[in-house]
Amino acid sequence: MNDALALPVGTTLDRFIKRKQDEFSFATGELSQLLRDIALAAKIVSQELTRVDLQGSGGTANIQGEEQQNLDVIANIRFIRALRNGGEVCSIVSEEEDEIIHTGNQNAKYIVAMDPLDGSSNIDVNIPVGTIFAIYRRLSEAGSDGTLEDCLQQGTKQVAAGYILYGAATMLVYTTGHGVNGFTYEPTLGEFFLSHPNLKIPNGGKLYSCNEANVSNFPLGMQNYLAFCKEQKYSSRYIGSLVADFHRSLLKGGVYFYPGSSKNPAGKLRLLYECNPLAFIAEQAGGQATDGVERVLDKVPTALHERCALVIGSSEMVDKVRKYMLV
Ligand code: P6P
């Protein structure tokens, strides 16, 4: 048989998840199923993002007071439904929901915190958007709904974390604490294929990513670091979509920062379902994530939707920011 005519199609996400599960004798398959449930919702959302008839907003606002795009609401429903029907998650924290969503799977052992569609104000202008998720093991006994304590765990307790980037290609990037792997979706086959194995953030970089319109409200240390970037002739890259801006830093090196300001002392981004999952990925890829000084993953959450300043990306660049912040 002429094998050269039948090139391997690559490793599907399902096969990768199964292989990783087999490496852990104690694995029961529940986390594997949870990851598949997330991938299913991602495939559906990826297709619905191409539908112009679903764009626009319904005039409602989320707890943050931000206008909800139709696709914010749809993506939220898709991920909640996939996690509920998959049976592995007892409770969900979502940016689009004021309170904890209980799935009814009271014997399930996992909690998910998610931003179903981050950067959605960019949808109508065809700029990439993303889903971000964090997975925790419940602390409470099985047999009842998840508790607030289950949902307010430190980022270091994450069992897995990841994001889906709906860009020119749809990519799923995740970690279970043993490195970071990226999968690219092939819609004609309906499969995610391993395309970026064992991702590592370059230690240094020459790209910085922030909303410079806010610089006058930045802490002085951040203003001084921004001036340093310009002195070094770094390039600025900012598209106002966290997942896309982070993904570029992950692949090319660089630093993204959304600091606290006089307007928003704790910054804009949310700890549970934006900062913590991306921080887990950044560290697993050899990078860092801080609030400017302190490690994001060490923070103890006190509220479902609490905000956190974020500096994330190449380790040497995050260290440099810390030096400027501590002067
Ligand atoms: P600003 C999108 O709303 C988001 O949460 C992130 O995706 C993005 O990086 C940031 O806010 C953009 O905020 O204030 O620069 O428009």
Side-chain angles (χ1 to χ4, degrees), residues 9-17 32-58 62 68-86 88-89 92 94-97 112-135 160-176 180-197 199 239-248 250-251 273-274 277-278 281:
V9 294
T11 304
T12 64
L13 174 63
D14 279 6
R15 186 171 297 165
F16 183 88
I17 290 171
S32 296
Q33 183 53 49
L34 205 179
L35 291 169
R36 288 190 195 95
D37 297 336
I38 288 174
L40 172 61
K43 293 175 186 177
I44 297 167
V45 170
S46 174
Q47 190 278 332
E48 290 177 324
L49 281 167
T50 67
R51 289 182 44 191
V52 177
D53 62 307
L54 295 180
Q55 291 185 0
S57 69
N62 60 22
Q68 287 177 307
Q69 303 296 309
N70 293 329
L71 280 157
D72 280 319
V73 176
I74 292 169
N76 187 50
I77 292 167
R78 294 299 185 201
F79 278 93
I80 289 173
R81 196 176 290 166
L83 295 173
R84 174 180 289 126
N85 296 341
E88 305 302 347
V89 172
I92 302 166
S94 169
E95 184 191 55
E96 302 305 329
E97 301 287 347
V112 167
M114 67 176 185
D115 183 352
L117 205 61
D118 179 77
S120 55
S121 57
N122 291 312
I123 293 171
D124 294 3
V125 293
N126 206 18
I127 286 175
V129 293
T131 298
I132 313 171
F133 63 90
I135 301 172
Y163 60 83
I164 297 100
L165 175 59
Y166 309 98
T170 291
M171 275 195 71
L172 170 63
V173 177
Y174 80 94
T175 183
T176 57
V180 179
N181 292 282
F183 300 78
T184 299
Y185 184 48
E186 178 40 70
T188 60
L189 299 176
E191 292 281 6
F192 281 98
F193 286 92
L194 181 64
S195 54
H196 297 70
L199 278 166
I239 67 168
S241 193
L242 171 59
V243 173
D245 281 321
F246 173 72
H247 185 70
R248 181 192 53 249
L250 178 65
L251 268 58
Y273 42 77
E274 290 174 330
L278 296 186
I281 292 170

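Because the structure is predicted, anything quoted here is derived from the model rather than measured.
Considering CG of Leu83 and CD of Gln33, their distance stands at 10.5 Å, rounded to 0.5 Å. Taken to the nearest 0.5 Å, the CZ atom of Phe246 stands 5.5 Å off from the OH atom of Tyr163.
The environment of CG in Asn126 is sparse: at most 12 heavy-atom neighbours from other residues, nucleotides or ligands sit within 6.0 Å.
Panel note: side chain Asp118, backbone Ser241; no donor-acceptor pair is recorded below 3.5 Å. Side-chain N or O atoms of Asn70 include one that pairs as donor or acceptor with a backbone N or O of Gly56 at under 3.5 Å. Using modelled atom types, one side-chain atom of Asp72 and one backbone atom of Gln69 make a donor-acceptor pair closer than 3.5 Å.
Residues that satisfy the side-chain hydrogen bond (donor to acceptor under 3.5 Å, both in side chains) test with Tyr166, not counting sequence neighbours, are Thr131. For Tyr185, the ring-ring contact (aromatic ring centres under 6.0 Å, His included) partners are Phe192, not counting sequence neighbours. Considering only residues two or more places apart in sequence or on other chains, Gln55 meets the side-chain hydrogen bond (donor to acceptor under 3.5 Å, both in side chains) condition with none of them.
Across Gly10 and Arg15, no two heavy atoms sit closer than the pair O-NH1, 4.4 Å. Gly240 approaches Asn122 most closely through the heavy-atom pair O-ND2, 3.0 Å. Considering all non-hydrogen atoms of both residues, Leu165 and Pro128 come closest at CD1-CB, 3.9 Å. For Leu71 against Leu117, the heavy-atom pair with the smallest separation is O-CD2, 3.5 Å. Contact between Leu13 and Ala39 at its shortest, heavy atoms only, is CD2-CB, 3.5 Å.
Checking each of Val89, Ile92, Asn85 against Ile80 for a side-chain contact (heavy atoms from CB on, under 4.5 Å) leaves exactly one that passes, namely Ile92.
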